[in-house]
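Below: the structure, in structure tokens.
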Amino acid sequence: MEEQFEALVEGILEQGYGTAPGFFDEPLVKELRENLQKKLADGEMRPAGTGKQFTFQKNVALRGDLIAWIDEKHPSSPELAFLDRIGAFVQYLNRTCFTAINGLEFHYAFYGEGSFYKRHLDQFQHDRGRKFSVVTYLNDAWLPDDGGELVLYLPQGEKTICPEAGRIVFFKADEIEHEVKPARRDRMSIAGWLLSVSPVEL
Ligand code: OGA
Ligand code: MN
């Protein structure tokens, strides 16, 4: 448990990102994936919100995923297990790195075949205090030919990560540009942010 937390923190300190395979176990990943699939079937997944200066068309050229936010106040049982483990990691992070994380926001994301997310920074909601990006993958038996890799643009070069079930990726939201390559099959994940919000905003 703590070893994975340590690996994530060490990764971010030494290479600008941390990643851990099997951060969430298979039964939980399966339940989360089924949650996502049900939301998709029920029409609850929508194109990501469009900022003021963004028309819908511009947004689609940038990203093709459909999202549904996790309601922290009314989580389903796998969502509660997911948030508990993230919460334990946040406690570890705050204790070891003095990060003052005091909020979370997570959404399911579905990339249909051919969908992508062009190179970007997760900073468009900067004022909401996004400090760290955290992505969890829900895809069973992902193969290299399936595409959909996450590419991190690090100072030392590019790092490509395969979106395999249970893997988590962790990086600074306002520093690391990244991209999702076109997926050749349905690609499912939970993406989110660790926030540090001032008491006035809480
Ligand atoms: C995002 C994002 C990466 C991924 O949702 O902002 O960059 O690998 N996701 O899904
Ligand atoms: Mn992103």
Side-chain angles (χ1 to χ4, degrees), residues 8 11-12 15-24 29 32-33 35-37 39-40 44-51 53-54 56 58-70 72 79 82-83 86 103-154 158-195:
L8 291 176
I12 217 164
Q15 312 165 69
Y17 76 98
T19 187
F23 189 82
F24 296 99
V29 168
L32 291 166
R33 183 169 60 236
N35 255 358
L36 187 157
Q37 285 165 329
K39 284 176 191 291
L40 190 68
E44 289 172 23
M45 310 247 339
R46 302 270 155 71
T50 50
Q53 70 278 47
F54 268 88
F56 180 72
K58 267 191 202 166
N59 214 46
V60 167
L62 177 70
R63 65 189 290 186
D65 57 331
L66 301 177
I67 69 163
W69 290 95
I70 290 180
E72 251 189 281
E79 287 167 355
F82 172 87
L83 292 169
I86 295 285
L104 305 173
E105 53 183 15
F106 282 90
H107 66 59
Y108 292 99
F110 174 81
Y111 292 75
E113 222 181 302
S115 299
F116 52 80
Y117 195 158
K118 293 250 168 87
R119 183 169 173 167
H120 66 282
L121 267 183
D122 289 342
Q123 69 167 171
F124 34 77
Q125 285 169 329
H126 207 54
D127 49 339
R128 284 164 72 200
R130 290 179 169 184
K131 297 298 176 216
F132 298 96
S133 302
V134 178
V135 189
T136 299
Y137 299 111
L138 308 178
N139 308 296
D140 231 3
W142 195 268
L143 299 171
D145 274 354
D146 293 331
E149 303 92 344
L150 171 69
V151 180
L152 300 174
Y153 295 94
L154 303 161
E158 295 176 18
K159 171 71 191 174
T160 299
I161 293 169
C162 167
E164 59 181 355
R167 178 177 288 280
I168 195 169
V169 185
F170 169 61
F171 52 91
K172 280 199 180 161
D174 58 345
E175 281 183 17
I176 306 296
E177 290 189 345
H178 55 283
E179 168 177 11
V180 177
K181 294 287 191 185
R184 289 186 212 103
R185 58 175 260 208
D186 292 350
R187 179 190 194 272
M188 292 169 279
S189 60
I190 299 177
W193 295 275
L194 310 185
L195 315 175

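The first residue of the sequence shown is numbered 1, and numbering continues consecutively from there. Values below: all heavy atoms of this structure, side chains included; hydrogens, waters and symmetry mates excluded. Numbering of ligands and ligand atoms starts at 1, following listing order.
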Are the side chain of N139 and the backbone of P163 linked by a donor-acceptor contact shorter than 3.5 Å? yes
If we number the atoms of ligand 1 from 1 as shown, the ones under 4.0 Å from a heavy atom of A191 are 5 (O)
Between F171 and F132, does the ring pair (Phe, Tyr, Trp, His ring centres under 6.0 Å) criterion hold? Intermediate values first, please. CA-CA 6 Å; F171 52 91; F132 298 96; 9.5 Å; no
Tell me which N, O or S atom of D122 sits nearest to the Mn ion (ligand 2). OD1
Does a donor on one side chain sit under 3.5 Å from an acceptor on the other, for D186 and Y111? no
R187 to ligand 1: N or O pair under 3.5 Å? yes
Salt-bridge test for D146 and R187: reply yes if a basic N is under 4.0 Å from a carboxylate O, no otherwise. no
Looking at F24 versus F82, is the centre-to-centre ring distance below 6.0 Å? yes
Is a side-chain donor-acceptor pair under 3.5 Å present for E79 with Y108? yes
So which N/O/S atom does H178 have closest to the Mn ion (ligand 2)? NE2
Classify the angle between the aromatic ring planes of H107 and W69 as parallel (below 30°), tilted (30 to 60°) or perpendicular (above 60°). perpendicular
Does R119 count as lying over the ring of Y153, i.e. NZ or CZ under 6.0 Å from the six-ring centre, within 45 degrees of the axis? yes
Return a yes/no value for R63: is any of its N or O atoms, backbone included, closer than 3.5 angstrom to an N or O of ligand 1? no
Taking the Mn ion (ligand 2) as the reference point, name the nearest N/O/S atom of H120. NE2
D122, any N or O under 3.5 Å of ligand 1 N or O: yes
Could you tell me whether some N/O pair between Y137 and ligand 1 is separated by less than 3.5 angstrom? yes
Distance under 4.0 Å to a non-hydrogen atom of V180: what atoms of ligand 1 satisfy this? 3 (C), 4 (C), 8 (O), 10 (O)
Can you find a non-hydrogen atom of H120 under 4.0 Å from ligand 1? yes
Could you tell me whether some N/O pair between H178 and ligand 1 is separated by less than 3.5 angstrom? yes
